[in-house]
K.L.:
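Sharing a structure with you now.
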Amino acid sequence: MLTEERKQKILQLLDQHKIVKSQELVILLNASESTIRRDLQELEDEGFLERIHGGAKKSELLEFEQNMSEKTLKNVQEKQKIARFAASLINDEEVIYLDAGSTTLEMIPFLKGKRITVVTNSVKHAASLVDLQVSTIIIGGQVKISTNAVLGASALTQLSDFHFNKAFMGMNGVHLERGFTTPDPEEAALKRLAINHSEESFVLLDHTKFNKQTFVSVASLEKATIITERCPLQFAKEYHERAAIKEVIE
C-alpha cells in the first residue's frame, strides 16, 4: 500500500473512532511498526492528528469552523433525512425559529405549503424561504460572511422580543459534559436565546457531531431534543440515558 493510501485510511479510521491504536493499524494496514510510527508523525506534523501513547487521536480545533459552502457538501443524505423528519414536526399556524446552518437549510424545501411563520438569522435561509412563499422574518444585524448568519447586539435585542412554538437549531457538536457547542461566542449567544424563547427546541445533528466539543457551550443536553439519522453505537447508551434523542428511521 502506498504511503498516501495508508494516511488516508488512518484519517478515515480517526473520523469514525476518534482514536486509533498503533498495533491495530499495523494489522489493518499490513505495515510495520516503524512505518506506522512514521505515518503518524507526518500526519501530526501536518496538523491532522495528535500522537498519544500507543496510537493517535483526532486533532480538535476548538475555534475552527467551516464556511457554509463547505458544510453543505458534507453528509448531504444524512442531513436531508434529519431535515425531512424535523419539518414533519411543524404544524400549521406555528411560529418557528430556523437557525443558520447547513442541516436547517435542508429543512426549507419540506416547508413549502405550510401555513407558518419562520424567524431566522440566516440571509441564505430567508432568501430560500421567500422563494417558496413562506412567511418569513429575518433578524437584523451584522452578517457573518462565512456562515451567512446575522449576529451582534442588534440581533440579540430583536430576538429577545420574540417567542416561538418550536426552534430548530444547528450545532457544531454535542458532548456529554459540555452539552451543545459552537465555535463562535456571538453565534452561541443567539442560539442560546432562541432556545430559551421557544416552547420546544430541537438540535439537528448528523452522527459525526456526537462526542465532539467546540469552543463555546450553548446549552445543556436537557434544553433540547436531538434529531439525528443515528447515534453512533459507541456513544448510544450514554447519550440515550442523558439526552432526549429522536433517531430517524426510514
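Sequence positions, counted from 1, serve as the residue numbers for this chain.
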K.L.:
Among Leu204, Asp99, Ile226, Leu205, find the one that has a side chain to side chain contact (heavy atoms under 4.5 Å, CB included) with Met171.
P.N.:
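Running side chain to side chain contact (heavy atoms under 4.5 Å, CB included) over Leu204, Asp99, Ile226, Leu205 with Met171 returns exactly one hit, Leu205.
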K.L.:
Quick check: closest heavy atoms across Ile195 and Val218, and the distance to 0.1 Å?
P.N.:
CD1-CG1, 4.3 Å
K.L.:
Using the test ring-ring contact (aromatic ring centres under 6.0 Å, His included), find all partners of His197 that sit at least two apart in sequence or belong to another chain.
P.N.:
His163
K.L.:
Just do the side-chain contact (heavy atoms from CB on, under 4.5 Å) check on Leu151 and Val143 with the steps written out, would you?
P.N.:
CA-CA 6 Å; Leu151 306 173; Val143 179; over 6 Å; no
K.L.:
Could you tell me if the side chain of His240 sits less than 4.5 Å from the side chain of Glu247, heavy atoms only?
P.N.:
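With C-beta onward as the side chain, the pair touches.
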K.L.:
Taking NZ, NE, NH1 and NH2 as the nitrogens, is one of them in Arg6 or Asp39 under 4.0 Å from a carboxylate oxygen of the other?
P.N.:
yes
K.L.:
Any side-chain donor paired with an acceptor under 3.5 Å for Glu78 and His207?
P.N.:
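Note: Glu78 and His207 side chains miss the donor-acceptor criterion.
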K.L.:
Can you give me every donor-acceptor pair (side chain of residues 19-28, partner residue at least two apart or in another chain, under 3.5 Å) with its distance?
P.N.:
{"residue": "Ser22", "atom": "OG", "partner": "Gly54", "partner atom": "O", "Å": "3.4"}
{"residue": "Gln23", "atom": "NE2", "partner": "Glu33", "partner atom": "OE2", "Å": "3.3"}

K.L.:
Holding to side chain to side chain contact (heavy atoms under 4.5 Å, CB included), I want the full list of residues that pass it with Asp92, two or more places apart in sequence or in another chain.
P.N.:
Lys114, Arg115
K.L.:
Is there side-chain contact between Thr228 and Val248, with heavy atoms separated by less than 4.5 Å?
P.N.:
no
K.L.:
How would you list, by chain and number, every residue that makes a side chain to side chain contact (heavy atoms under 4.5 Å, CB included) with Ser88, sequence neighbours excluded?
P.N.:
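Here the qualifying residues are Phe85.
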K.L.:
Can you tell me how far the OG atom of Ser154 sits from the CD1 atom of Ile139, to the nearest 0.5 Å?
P.N.:
9.5 Å
K.L.:
Name all residues meeting the salt bridge (charged side-chain N to carboxylate O under 4.0 Å, His left out) criterion together with Glu177; count only those two or more places apart in sequence or in a different chain, and write none if there are none.
P.N.:
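Arg242.
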K.L.:
If every non-hydrogen atom of Thr120 is compared with every non-hydrogen atom of Thr136, which pair is closest and at what distance?
P.N.:
CG2-CG2, 4.4 Å
K.L.:
Just to verify, which of Thr181, Thr182, Thr214 counts as forming a side chain to side chain donor-acceptor pair (under 3.5 Å) with Asn172?
P.N.:
Thr182
K.L.:
Not counting sequence neighbours, which residues clear ring-ring contact (aromatic ring centres under 6.0 Å, His included) with Phe110? List them please.
P.N.:
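With neighbours one apart ignored, the set is empty.
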K.L.:
Using 0.5 Å steps for rounding, measure from the CE atom of Met107 to the CD atom of Gln80.
P.N.:
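The CE atom of Met107 sits 13.5 Å away from the CD atom of Gln80.
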K.L.:
Would you say Arg51's side chain and Lys57's backbone share a donor-acceptor pair under 3.5 angstrom?
P.N.:
no
K.L.:
Does Ile96 belong to the same Ile/Leu/Val/Met/Phe/Trp/Tyr cluster as Phe162, with side-chain heavy atoms less than 4.5 Å apart forming each link?
P.N.:
no
K.L.:
Just checking, any donor-acceptor pair under 3.5 angstrom between side chains of Ser102 and Lys79?
P.N.:
yes
K.L.:
Verify the cluster assignment for Ile82 and Ile90: are they in a single hydrophobic cluster under the rule of side-chain heavy atoms below 4.5 Å apart?
P.N.:
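They do share one cluster, since a chain of ILVMFWY contacts under 4.5 Å joins Ile82 to Ile90.
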K.L.:
Kindly give the heavy-atom pair with the smallest separation between Cys231 and Ala236, and that separation in Å.
P.N.:
SG-CA, 3.6 Å
K.L.:
With side chains defined as the heavy atoms from C-beta onward, is the minimum distance between Asp184 and Val216 less than 4.5 Å?
P.N.:
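No, their side chains stay 4.5 Å or more apart.
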K.L.:
Find the distance between NZ (Lys112) and CG (Leu129) and round it off to the nearest 0.5 Å.
P.N.:
13.0 Å
K.L.:
Taking atom CG as the centre, does Asn30 end up with more than 12 heavy-atom neighbours from other residues, nucleotides or ligands that are less than 6.0 angstrom away?
P.N.:
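Open.
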K.L.:
Quick one: list whatever passes side-chain hydrogen bond (donor to acceptor under 3.5 Å, both in side chains) with Arg37, sequence neighbours left out.
P.N.:
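With sequence neighbours excluded, Arg37 shows a side-chain hydrogen bond (donor to acceptor under 3.5 Å, both in side chains) to no residue whatsoever.
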K.L.:
For Lys166, which residues count as a side-chain hydrogen bond (donor to acceptor under 3.5 Å, both in side chains) partner, sequence neighbours excluded?
P.N.:
Glu94
K.L.:
List the residues meeting side chain to side chain contact (heavy atoms under 4.5 Å, CB included) with Leu156, not counting sequence neighbours, and say none if there are none.
P.N.:
Ala189, Leu190, Leu193
K.L.:
If you measure from CZ on Phe180 to CE on Met169, what distance do you get to the nearest 0.5 Å?
P.N.:
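Phe180 atom CZ to Met169 atom CE measures 10.0 Å (nearest 0.5 Å).
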K.L.:
Let me confirm one number: the CD-CG distance from Glu106 to Asp206, rounded to the nearest 0.5 Å.
P.N.:
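Between atom CD of Glu106 and atom CG of Asp206 there are 11.5 Å.
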K.L.:
Does this structure show an ion pair linking Lys237 with Glu241, if we count only N-O contacts that are shorter than 4.0 Å?
P.N.:
yes
K.L.:
Could you tell me the separation between the CG atom of Leu29 and the CD1 atom of Ile10, rounded to the nearest 0.5 Å?
P.N.:
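Here the rounded value is 5.5 Å.
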K.L.:
Could you note down all residue pairs passing ring pair (Phe, Tyr, Trp, His ring centres under 6.0 Å) where residues 17-44 supplies at least one of them, sequence neighbours left out?
P.N.:
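Checked against ring pair (Phe, Tyr, Trp, His ring centres under 6.0 Å) - neighbours excluded - no pair reaches residues 17-44.
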K.L.:
Find out if a path of hydrophobic residues (ILVMFWY) with successive side-chain heavy-atom gaps under 4.5 Å connects Val174 to Phe168.
P.N.:
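Per the 4.5 Å side-chain linkage, Val174 and Phe168 are not co-clustered.
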K.L.:
For Thr35 and Ser32, which I'm curious about, is there any donor-acceptor pair between the side chains at under 3.5 Å?
P.N.:
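The answer is yes; a qualifying pair exists.
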K.L.:
Tell me whether the count of non-hydrogen atoms from other residues, nucleotides or ligands lying under 6.0 Å of CD in Gln142 goes above 12.
P.N.:
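No, CD of Gln142 has 12 or fewer neighbouring heavy atoms, counting only those of other groups under 6.0 Å.
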K.L.:
Can you get from Val95 to Leu111 by hopping between Ile, Leu, Val, Met, Phe, Trp and Tyr side chains that sit under 4.5 Å apart?
P.N.:
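Val95 and Leu111: separate clusters.
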K.L.:
Verify side-chain contact (heavy atoms from CB on, under 4.5 Å) between Leu89 and Ile227, making sure each step is shown before the conclusion.
P.N.:
CA-CA 11 Å; Leu89 302 177; Ile227 301 178; 3.8 Å; yes
K.L.:
Answer yes or no: does atom CD of Glu238 have more than 12 heavy-atom neighbours from other residues, nucleotides or ligands under 6.0 Å?
P.N.:
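Open.
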K.L.:
Evaluate the side-chain proximity of His125 to Thr104: yes if any heavy-atom separation is below 4.5 Å, no if none is.
P.N.:
yes
K.L.:
For Ala194 versus Leu159, what's the shortest heavy-atom pair and its separation?
P.N.:
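Shortest heavy-atom separation between Ala194 and Leu159 comes out as N-CD2, 3.9 Å.
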K.L.:
Sub-3.5 Å donor-acceptor pair from the side chain of Arg178 to the main-chain atoms of Ser220, do we have one?
P.N.:
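No.
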K.L.:
Taking the side chain as everything from C-beta on, heavy atoms only, tell me whether Glu187 gets closer than 4.5 Å to Lys144.
P.N.:
yes
K.L.:
Please answer whether the main-chain N or O of Ala153 pairs with a side-chain N or O of Thr157 as donor and acceptor at a distance below 3.5 Å.
P.N.:
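Here the side-chain-to-backbone pair exists.
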K.L.:
I want to check something: taking the side chain as every heavy atom from C-beta on, are Ile138 and Asn121 in contact at a cut-off of under 4.5 Å?
P.N.:
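No; the side chains remain at least 4.5 Å from each other.
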K.L.:
Go through the structure and list residues passing side chain to side chain contact (heavy atoms under 4.5 Å, CB included) with Ser135, not counting sequence neighbours.
P.N.:
Thr117
K.L.:
Compare all side-chain heavy atoms of Val203 with those of Thr225 and state whether any distance is below 4.5 angstrom.
P.N.:
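They are not in side-chain contact.
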K.L.:
Using ring-ring contact (aromatic ring centres under 6.0 Å, His included) as the criterion, list what pairs up with Phe164, not counting sequence neighbours.
P.N.:
Tyr97
K.L.:
Which pair of heavy atoms, one from Gly140 and one from Val150, lies closest together, and at what distance?
P.N.:
C-CG1, 3.4 Å
K.L.:
Does Ile137 share a hydrophobic cluster with Val118, counting links as ILVMFWY side-chain heavy atoms below 4.5 Å and allowing steps through other members?
P.N.:
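Different hydrophobic clusters.
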K.L.:
If we only count heavy atoms from C-beta on, is the Leu105 to Ser128 side-chain gap below 4.5 Å?
P.N.:
yes
